[in-house]
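Below is one structure, written out as structure tokens; the observations come after it.
Below, chain A is the first sequence line, B the second, and so on; all start at residue 1.
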Amino acid sequence: MPFFDVHIAELLSNTRTRWGFSEFIERELGYEWDGTPEMKIALLSHVGKEYPNSKILSLEMDLIPVLVRMQKEGILIDQKKLREIGENLRASIRKIETEVRELVGENINLSSPKQVAELLQRLGIPLTKKNKTGFSVDTDVLEELAGKHDIARLILDHRSYSKLVSTYIDALLKSVNPTTKRVHTHYNQIGASTGRMSSEDPNLQNIPTGSGYAHEIKSCFIPKNGSVLLVADYSQIELRILAFLSGDPALWETFIRGEDIHARTAHFLFWENAEITSEMRRIAKTVNFWVIYGITGFGLAKSLGTNPKEANEYIENFFREYPWVRKYYDTILGKARENGYVETYFWRKRFIRTINDANRMIRTSAEREAINMPIQGTAADVLKYAMIEIDSAIRDQNLSGKMLLQVHDELVFEIPKSEESIFLELVREKMEHVLPESSVPIQVDIHTGMNWAEAKG
DNA sequence: CGAGGAGCGA
DNA sequence: ACGTCGCTCCTCGA
């Protein structure tokens, strides 16, 4: 089976691959294959024992039939409502186009960044940010201009409405399977080099969240008659995993006590007994977020809208109060430099070949990848294990509820009303107990509803 | 048809 | 000069 040689080599060396295991099974064996032990043994003996992280290989193989079932199941969407939203969006877009025409006295294609940049310059509006081809007119730039120039807000609205209508209305409607009347996404099992999956055709992992039209669109994902949607998502999974991997006492303690981690960081960043304002908490939340990505003062400053000096002080304060995190990062970087790879708690590897590169930009970029991968990757492993366990329990107990979607830290189920209480308990139990009992507590928020927006809670 | 810009998610 | 991981739509030019 030469295919497996190639594929497993890709899996283990983290080469990005378009086709995951489940696609192979779909193509070559059809939907009926369900991960028989014989097949697994054949595969394992074929790969041999030279792969130290065969634990991950085994995880991925167990996941194949789960993903096949999810893809085959698909999800129902309210096509009528989606079309109505589309009409409203188109009306808004036409209105904006008219307003722009009246404002500037000419007809331009607002979907063309090139034409937008030229228009703004003709109007005497200064542009400074550059990209490869000219002046940038992205969201950051236009938001900056929006205070002084009405045209900027119009362009921003036009952009977001166009995005929604083209990607999340028209394309979604086209993706409905004529036979099943449902939308069947396609998971790339190892779509990301961190171990995360990706979703395509259509991508159901980037359905808009938030208010307004975005909320409306999400509410078009519905259960079949007699069922409800159940959404279970991990609360701050990556920070909890950082606490687990680093063993940092302050982080650990916060989660053990069930306290607000962003407020805790805010106390550290400002002063211990201060009253935490929402602004302070917002800053702390951003800092917490950035630590996971492999922090730079410059980037944090840009994100906070402050100067790098202040951002660097936040970072220093963070590491002073969570000292084991810094120690953990140093260890990870040391291993990466020595071995050329980093790994998750479950030993999924990512090779970081440029970690010792002479070019500072390339090297620091590699360092951020090295910092981020064990955290993001362990979170991915945890959810994949939970999915296997949940799927297995569903079949053992002959339940008719189905697991439909995975969105990195979230699972979506379609369950008969009669099984609601069983699923609430089952899903929580499996998702919260992947890591060892002695580890940091993992929290899962679960809600049900008559559509995806409502069930998101 | 591919590159580049832009924007959606975790 | 800098934000980790993805996918998709649009424009524009070969």
| request: Step by step, work out the salt bridge (charged side-chain N to carboxylate O under 4.0 Å, His left out) result for Glu454(A) and Lys218(A). | output: CA-CA 9 Å; Glu454(A) 190 184 319; Lys218(A) 203 145 196 170; over 6 Å; no

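- Among residues at least two apart or in separate chains, side-chain hydrogen bond (donor to acceptor under 3.5 Å, both in side chains) pairs with a member in residues 144-153 of chain A are Glu143(A)-Arg153(A).
- For Tyr328(A), the ring pair (Phe, Tyr, Trp, His ring centres under 6.0 Å) criterion is met by no residue, not counting sequence neighbours.
- Atoms OH (Tyr168(A)) and P (dC10(C)) sit 12 Å apart, rounded to a whole Å.
- Taken residue by residue, residues 202-210 of chain A places heavy atoms nearer than 4.0 Å to DNA chain C at Asn203(A), Asn206(A).
- No donor-acceptor pair under 3.5 Å is formed between the side chain of Arg281(A) and the backbone N or O of Ala266(A).
- The CZ atom of Arg350(A) sits 12 Å away from the C1' atom of dG6(C) (whole-angstrom rounding).
- OP1 or OP2 of dT4(C) sits under 4.0 Å from a side-chain N or O of Arg368(A).
- Rounded to an integer number of Å, the gap from Tyr187(A) OH to dC7(C) C1' is 13 Å.
- Between the side chain of Gln205(A) and the main chain of Ser199(A), a donor-acceptor pair closer than 3.5 Å is present.
- For the contact set between residues 286-299 of chain A and DNA chain C, defined by any heavy atom under 4.0 Å, the members are Phe289(A), Trp290(A), Tyr293(A), Thr296(A), Phe298(A), Gly299(A).
- In this view, Lys130(A) and Phe135(A) satisfy the side-chain contact (heavy atoms from CB on, under 4.5 Å) rule, not counting sequence neighbours.
- Annotation: proximity of residues 127-166 of chain A to DNA chain C (heavy atom, distance under 4.0 Å) is found for Lys163(A), Ser166(A), numbered in ascending order.
- When heavy atoms are screened at a 4.0 angstrom cut-off, Ala379(A) is found touching no nucleic acid atom at all.
- Taking atom OH of residue Tyr329(A) and atom C1' of nucleotide dT4(C), one finds them 11 Å apart after rounding to whole Å.
- For DNA chain C, the neighbouring residues in residues 86-123 of chain A, judged by any heavy atom under 4.0 Å, are Asn109(A), Ser111(A), Ser112(A), Lys114(A), Gln115(A).
- Partner of Thr378(A) under the side chain to side chain contact (heavy atoms under 4.5 Å, CB included) criterion, out of Leu242(A), Ile237(A), Thr194(A), Leu245(A): Leu245(A) alone.
- To the nearest angstrom, C1' of dG6(C) lies 15 Å from CE of Met373(A).
- In this structure, the side chain of Asp78(A) does not engage the main chain of Cys220(A) through any donor-acceptor pair within 3.5 Å.
- Only at 4.0 angstrom or more do the heavy atoms of residues 301-327 of chain A sit from any atom of DNA chain C, so none qualifies.
- The ring of Phe268(A) has its center closer than 6.0 angstrom to the ring center of Tyr322(A).
- Atom CD of Gln376(A) is separated from atom C1' of dG3(C) by 12 Å (rounded to the nearest Å).
- Checking Gln376(A) against Glu238(A) by side-chain atom types alone, no donor-acceptor pair falls below 3.5 Å.
- For Glu310(A), the side chain to side chain donor-acceptor pair (under 3.5 Å) test picks out Tyr314(A), with sequence neighbours left out.
- Screening Thr254(A), Asp260(A), Asn288(A), Thr286(A) for a side chain to side chain donor-acceptor pair (under 3.5 Å) with Thr265(A), the sole residue that qualifies is Asn288(A).
- Within the 3.5 Å criterion, the main-chain N or O of Gly299(A) finds a donor-acceptor partner in the side chain of Thr296(A).
- Formation of a donor-acceptor pair under 3.5 Å by the Arg196(A) side chain with backbone atoms of Gln189(A) is not found in this model.
- Summarising the geometry, the separation between CG on Leu172(A) and C1' on dT8(C) is reported as 12 Å, rounded to the nearest angstrom.
- The separation of dC2(C) from dG4(B), taken at their P atoms, amounts to 16 Å, rounded to a whole angstrom.
- Put simply, Ser365(A) has no side-chain N or O that comes within less than 4.0 Å of OP1 or OP2 on dC2(C).
- Annotation: dG7(B) and dA1(C) have their C1' atoms spaced 22 Å apart (nearest Å).
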Mind listing the side-chain donor-acceptor pairs of residues 171-179 of chain A below 3.5 Å, one per line with the distance, residues two or more places apart or on another chain?
from	atom 1	to	atom 2	distance (Å)
Ser175(A)	OG	Leu172(A)	O	2.6
Asn177(A)	OD1	Thr179(A)	N	2.7
Asn177(A)	OD1	Thr180(A)	N	3.1

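- In the 5' to 3' direction, nucleotides of DNA chain B lying under 4.0 Å from heavy atoms of chain A begin and end at dG4(B) to dA10(B).
- Judged purely by atom type and a 3.5 angstrom limit, Glu414(A) uses its side chain to pair as donor or acceptor with the backbone of Lys224(A).
- Without hydrogens or angle criteria, Asn372(A) side chain to Ile292(A) main chain gives a donor-acceptor distance under 3.5 Å.
- When the side-chain contact (heavy atoms from CB on, under 4.5 Å) test is applied to Glu429(A), the partners found at least two apart in sequence or on another chain are His433(A).
- Between Tyr385(A) and Phe346(A), the distance from one ring center to the other falls under 6.0 angstrom.
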